[in-house]
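First comes the structure, then the notes that go with it.
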Amino acid sequence: MYNNFCSRHVGSVGDTRESMIKELGYDRIVDLIEDAVPANIRGGAPLELPDALSETGALDRLRGIMGENKVLKSFIGQGYSGTIVPPVIQRNILENPGWYTAYTPYQAEIAQGRLEALLNFQTLISDLTGLDVAGASLLDEGTAAAEAMALAKSGNRKGTTMFVADSCHPQTIDVVKTRAEPLGIQIEVGDWKSFDPAACEGLFAVLVQYPDTLGTIEDYSEFVEKAHAAGALAIVAADLLALTVLRAPGEFGADICVGNSQRFGVPFGFGGPHAAFMSCTDKLKRKMPGRLIGVSVDAQGKPGYRLALQTREQHIRRDKATSNICTAQVLLAVMASMYAVYHGPDGLKRIANKANTCARILAASLTQGGFELVSDQFFDTITIKVPAKADEYLAAAVELGYNLRRVDADHVSIACDETFTCEDGKSLLQVFGIEKADSELADGPNWNEVHNRESDFCTAPVFNLYHSETEMLRYVARLEKKDLALNESMIALGSCTMKLNATAEMMPLSWPEVGNIHPFAPDDQTVGYRAMLDELSDWLARITGFAAVSLQPNAGSQGEYAGLLAIRRYHMANGDEERNICIIPTSAHGTNPASAVMVGFKVVPVACDEAGNIDVTDLKAKAEKYADNLGALMITYPSTHGVYEETIVEICEAIHANGGQVYMDGANMNAQVGLTSPGQIGADVCHLNLHKTFCIPHGGGGPGVGPIGVAEQLVPYLPGHQMMENEADPVCSAAYGSASINTISWMYIAMMGADGLTEATKMAILNANYVAKRLDDSFPVLYTGNKGLVAHECIIDLRPVSDASGITVEDVAKRLMDYGYHSPTMSWPVGGTLMIEPTESESKAELDKFCDAMISIRDEIQAVIDGRSDKEDNVLKNAPHTAEMVISDSWTHSYGREQAAYPMPAQRDHKFWPAVGRIDNVHGDRNLVCSCAGMEAYSE
Ligand SMILES: *Cc1c(COP(=O)(O)O)cnc(C)c1O
């Protein structure tokens, strides 16, 4: 026990662990667990998983499995291109816990580093696409196109049809179709050249690809005009690198532009994760899905970044939201933005020109060799006509170590990229049995002048300052140091499970056989990948007690979507089209109602009683009332209130009795693993957040993986993909979603084994109850189960002291920064409270330090109540205190500088300084600035 991985993953072992158990009044942890977890859900069949491996043992085994992959150079294109991850970015961001263990930047003052990087991302996207506003990443190109469809639709309630050019990437068309169907949107796929927008009734949007999927650069300006004239919006899916040299979509009238930033220094990873992007016109920005970074000022008038327009998001808008997106792709957006910072506009153009030059040489040689191309208007991708010979050329290419794209039996595409070398050129000529063209390339571009990019991009200083490695290294480090991540202190965010992301779990991500596999590589090259994913699916099926698991959804929200879609398809297949009601407790996460609506369900809320439990009488009454139309119940377990509801089994039965299916939101799976399971409890489908329970780091707000497990009857309705045997329409672009990061969860389970995973759950429960007990005198714990215990998290109630003191929960969250902590989840699911989830990975010492901080803050609040501190000018209202504030020659506050900055003795040894003072959100939303270009207004 003492030197296995589990003993490193959990924070407390041995005597310390025993002392905590005693502290809670128990002799053994099993007694605590028996009291905490209701008997009617405990004790199913034991988890059957392989024995735990050591770190080296698991790495060796995974090497063996992934060694079955064949790593060829892929010039397949189709939305994914080879790229060189600048080593300075690989080591200092991708492999650096200071970046990858950070949480979503809700606490802006201690997230200025990644917020700046994301603002750079937005600037890059907005500049390249020529549109006013860009968001801070979406999940992938296919879902981004689907989100664009929803955005366009939300402004045109009467519209029912979207036209999609058949020259879009096939996977994008498939995802858009999936998302359109439940919303009653007709997707018309066809040739844009012959499509007449004016003749299409109910047309609300058109979607085209630029350059198109075969590489052709088209002039869409007239088509866009016609679409506008017909009252439709124009959505352009674009290639980011091409935009460095081609006319920006905004300049030929696009209203929305989407795409993938993968080729800006993010490995293929067999499909993901990568950051997709969306930009739009100013008119649409208030409805744009996903997160948007904006600039504002702090309490001292200094500029600072923060998340803007949050009232758009599903957290607030719930079933009125147009998108369910929550976790996005922050780490990958950061990487892509840093790639642009590192290369600058000229460097990016150089890379683009290189890819174009390689394609031009190939094109000239092929033409000279007697081949015909689909078009001479290409950027980096050429499509060759090879009647009935595609397979032959493909095989010859594989023989020499290359993957090309098989468009169909008669066409092959070659997509050149940053990695293309002279050797590659020679080999490819050999594949086609031709010589290099003897003519020199003509001066100037190979495309018509109208396609030229005339406008500048990335003119902001940040893209032009850090092109040496030393400068780049320091820029990355400077931003990292502004952010509080898990390498600084515990981040006890309820519902978000910020546990250890072990180094051994992260290491495989840097292996070529993990990173360098194209999502559309042939099956015989991905044997290892699919074996790893199959094994992980099998383990997760055992852990959840389900028949099958799909790893395709690339975030929790997407898992919700895929799971509800399976339920919908199941009802439809049974002839129950009218089962369109989804019951959702009012305490549910905002993604739940947002997802339900996207799948075509009508949301019926049920309330909770004062004890925080779902009102079972109300729920049963509603299930019966809607018996003819009941489609599903969405329920989180343990509840979002951090309690194991005793009635869960009864609730599932009531739903089934009335013809509905039970969707369990598995965000709280960390309180179930090894002790019970959604399958055992009676759920039919459940999503997991591998970026919560199964150790994928949060990356500062993504990536994630949101697999779903389903019971037998729903297996036929899991999402499929053109690359899979199951060809049902997919929920995202790649067959296995964010495939590469599944290695992290694979490593975790392999190193923990059944006993380790169960121990982790027990320790998570022990830690939460320990914190609850230590804090109860200062801040009462709001909800507990029958025996006065909580599950793996606890909600502490600040409302009574807030009322007495005027100190808000936000003041406490900001004051925690002065103590070196990130706030627990604020005011969700209950306003005026904090939800604390310590996870199993935190040690007793860290829990005690955090509790000491909270208790000390309670004393600070008491001082306000007692009149010993000023009601306005106090350490809480003025928090956080920056070094600049404390060091300043003028100090006018009614309390001392030491109290402001060093409230705990240990901080004299090490102190984390917030980079800015309290940020003014209202000011930022009123004066919306979402790119570096607008920063001047703030920097006088
Ligand atoms: C995190 C969370 C989600 C959403 O997951 P994402 O991966 O962020 O999309 C849904 N429900 C609950 C209860 C959660 O905590």
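Indexing begins at 1, ligand by ligand and atom by atom, following the structure's order.
Where the criterion is an N or O separation shorter than 3.5 Å, residue side chain and backbone included, A555 fails it with respect to ligand 1. Between T640 and ligand 1, no N or O atom pair is found at a separation short of 3.5 Å. Close N/O approach between T327 and ligand 1 is found [any backbone or side-chain N/O within under 3.5 Å]. For ligand 1, none of its N or O atoms has an N or O atom of N592 under 3.5 Å away.
Ring pair H315/Y106 is perpendicular by interplanar angle, where above 60° counts as perpendicular and below 30° as parallel.
There is no side-chain donor-acceptor pair under 3.5 Å between E837 and S495. Using modelled atom types and a 3.5 Å distance limit, the side chains of E147 and S323 yield a donor-acceptor pair. Side-chain atoms of H721 and Y736 include no donor-acceptor pair closer than 3.5 Å. Of the N and O atoms on the side chains of H9 and E840, at least one donor lies less than 3.5 Å from an acceptor on the other residue. If you check the side chains of T591 and H589, you find a donor sitting under 3.5 Å from an acceptor.
Atom CG of L688 sits about 9.0 Å away from atom OG of S745, to the nearest 0.5 Å.
Checking M835, H589, K692 against atom 1 (C) of ligand 1, the nearest heavy atom belongs to K692.
Against a heavy-atom cut-off of under 4.0 Å, D665 is close to the following atoms of ligand 1: 10 (C), 11 (N), 12 (C), 13 (C). Within ligand 1, counting atoms from 1 as listed, the ones closer than 4.0 Å to a heavy atom of E560 are 10 (C), 11 (N). Those atoms of ligand 1 that come under 4.0 Å of a heavy atom in S495, given as number and element, are 13 (C), 14 (C), 15 (O). Within the listing of ligand 1, atoms 8 (O), 9 (O) sit less than 4.0 angstrom from a heavy atom of C326.
The shortest contact between atom 5 (O) of ligand 1 and any protein heavy atom is with N689 ND2, 3.0 Å.
For H691, every heavy-atom contact with ligand 1 shorter than 4.0 Å involves the side chain, none the backbone. If you look at S557 next to ligand 1, the close heavy atoms, those under 4.0 Å, come from the backbone and the side chain alike.
What you find for S261 and F277 is that their closest heavy atoms are N-CD2, 4.2 Å.
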